[in-house]
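Inspection log for the structure reproduced underneath, given as structure tokens.
The chains referred to below are lettered A, B, ... by the order of the sequence lines, with proteins before strands, and numbering in each begins at 1. Please read these numbers as outputs of a predicted model, since none were measured by experiment.
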There are 2 protein chains.
Amino acid sequence: MSPRAGLTTERLVRAGAELSDEVGFEQVTVSALARQFDVKVASLYSHVKSSQDLRTRIALLSLEEMADRLATALAGRAGKDALAAFANVYRDYAREHPGRYTAARLTLDPETAAASAGPRHAQMTRAILRGYDLTEPDQTHAVRLLGSVFHGYISLETAGGFSHSAPDTRETWVWIVDRLDALLRTWPPSAPSDPAPAPEPTPRPTE
Amino acid sequence: MSPRAGLTTERLVRAGAELSDEVGFEQVTVSALARQFDVKVASLYSHVKSSQDLRTRIALLSLEEMADRLATALAGRAGKDALAAFANVYRDYAREHPGRYTAARLTLDPETAAASAGPRHAQMTRAILRGYDLTEPDQTHAVRLLGSVFHGYISLETAGGFSHSAPDTRETWVWIVDRLDALLRTWPPSAPSDPAPAPEPTPRPTE
DNA sequence: GCATTTGCCTAAACACTTTAGGTAGCTGCA
DNA sequence: TGCAGCTACCTAAAGTGTTTAGGCAAATGC
């Protein structure tokens with residue numbers, strides 16, 4: 001009766017990524033995808049192993065896309081310039097592609113993660129730090145700090161954590177990048193001035 | 001036949017919270033909870049409105065618990081001491097209660113969020129900043145920075161983002177708190193030294 | 001033009017969610 | 001103590017998503 005729909009893993013993953021941006025990553029389902037292609041659900045299982053497999057592939061695609069943008073943005077930049085460019089790629093991608101961004105945060109099993117674009121991200125973060133005078137282990141600490149700040153910020157912002165209160169979030173973003181730059185420049189050669197006390201566990205503000 | 005199980009919303013939410021720590025927040029389901037109480041699924045619907053309602057209540061519980069720990073930890077502390085205590089409450093809670101922590105990150109609708117312990121978190125973050133010399137809007141920026149760093153760090157750490165590479169994550173955590181303290185102390189009275197360029201979107205490192 | 005491959009199908013089992021309406025166990029009051 | 005009424009838990013059923021097994025027909029290649 002009907003000719004063939006022309007499904008491929010590639011097309012499914014791409015459609016899944018778009019769907020996730022439209023309706024949220026959580027709502028990306030094999031069924032929804034089948035509806036979009038006007039095809040029976042079971043048909044998709046020749047192209048993706050499982051629902052989980054589909055989601056993982058979307059995550060990998062998103063990581064690649066971000067890494068590509070990163071590479072472009074970093075080309076020819078250094079120091080604070082590079083830091084800001086880096087930060088903005090991250091934030092803009094999350095705004096343009098909230099579903100994909102969420103997908104990229106998915107926890108991958110070690111082998112998959114190692115084969116993903118994840119390491120490229122880390123590598124580029126290190127590249128930025130070349131503009132600052134850091135030696136190990138400070139450099140690694142700094143890589144982690146940058147990852148934490150950017151991800152944390154975006155996560156809180158998209159979750160509506162920073163309400164609609166003044167000052168606006170763009171201002172804060174610029175401020176943070178500025179402060180991070182300062183933090184990375186002024187370097188007290190690594191010597192935890194004061195062994196931080198370990199009193200009790202720790203919390204998380206909504207603002 | 002069987003007497004009554006003694007279900008209450010309270011008990012369900014509490015059991016749900018425990019379950020989420022054991023099997024992950026995503027796996028917390030009305031069905032799973034019904035099994036635990038050895039009761040038919042439909043029976044739970046007199047106590048929680050929906051699966052979403054259950055999850056929201058777990059989130060609210062977790063926010064309360066964290067806020068309580070925070071309050072205890074901050075009592076009698078100031079400055080860096082308070083900052084470290086605050087950070088540790090946050091991190092330790094996430095380690096002890098990964099499911100609850102994830103739950104607490106759930107996006108709540110504005111009214112629910114306003115009635116939650118979320119504002120207490122923000123308020124306590126501001127309390128910490130009293131130990132530093134910040135005026136608005138810097139103080140708000142700083143509140144957001146702290147929230148971002150702590151949440152981002154924990155999120156990446158629990159997702160296995162910081163692999164098992166050296167240096168270990170505890171070292172980084174101490175380092176970050178130390179650097180944040182320095183950043184908050186050394187205050188160039190707010191004047192974005194350099195208008196950050198807005199080149200391209202922004203990414204996210206796995207490390 | 002035919003054989004093979006394979007893309008999409010039907011069928012079916014299983015899990016979770018949610019609503020409607022019934023029954024039996026508690027609670028309170030005489 | 002006994003019964004009225006409440007309500008906690010039940011059965012039943014419909015809807016959605018996942019996943020596997022096996023079938024048929026459309027594309028592919030000779």
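A straight line from CG of A/Leu44 to C1' of D/dT20 spans 14 Å, rounded to a whole angstrom. Put simply, CG on B/Leu54 is 14 Å from C1' on C/dT18, counting in whole angstrom units. Look at OH on B/Tyr45: it is 4 Å from P on C/dT18, rounded to the nearest Å. Between B/Leu7 atom CG and D/dC9 atom C1' the separation is 8 Å, expressed in whole Å. Nucleotide C/dT6 holds its P atom 12 Å from the NE2 atom of A/His47, rounded to whole Å.
With hydrogens and angles ignored, the 3.5 Å screen pairs no side-chain donor or acceptor of A/Arg95 with any backbone N or O of A/Arg91.
Residues passing the side chain to side chain contact (heavy atoms under 4.5 Å, CB included) test with B/Ser155, sequence neighbours excluded: A/His151, B/His151. Partners of A/Asp109 under the side chain to side chain donor-acceptor pair (under 3.5 Å) rule, at least two apart in sequence or in another chain, are A/Thr112. With sequence neighbours excluded, the residues forming a ring pair (Phe, Tyr, Trp, His ring centres under 6.0 Å) with A/Tyr153 are A/Phe162, A/Trp173, listed by chain and number.
Residues in residues 14-34 of chain B take part in these side chain to side chain donor-acceptor pair (under 3.5 Å) pairs, two or more places apart or across chains: B/Glu10-B/Arg14, B/Asp21-B/His97, B/Asp21-B/Arg100.
The CG atom of B/Asp53 sits 11.5 Å away from atom CG of B/Leu44, with the distance rounded to the nearest 0.5 Å. In this structure, OG1 in B/Thr9 is found 6.5 Å from NE2 in B/His47, a value given to the nearest 0.5 Å. In this structure, A/Thr107 OG1 and B/Leu156 CG are separated by 10.0 Å, a value rounded to the nearest 0.5 Å.
Taking a 4.0 Å limit (strictly below) on heavy-atom distances, residues 17-41 of chain B reaches DNA chain C at B/Thr29, B/Val30, B/Ser31, B/Arg35, B/Val41. Within residues 8-15 of chain A, no residue approaches DNA chain C, by heavy-atom distance under 4.0 Å.
In this structure, B/Ser43 reaches the D/dC10 phosphate: one of its side-chain N or O atoms is under 4.0 Å from OP1 or OP2.
Distances from the side chain of A/Ser51 to the nucleotides C/dA11, D/dT18, C/dT18 place D/dT18 closest.
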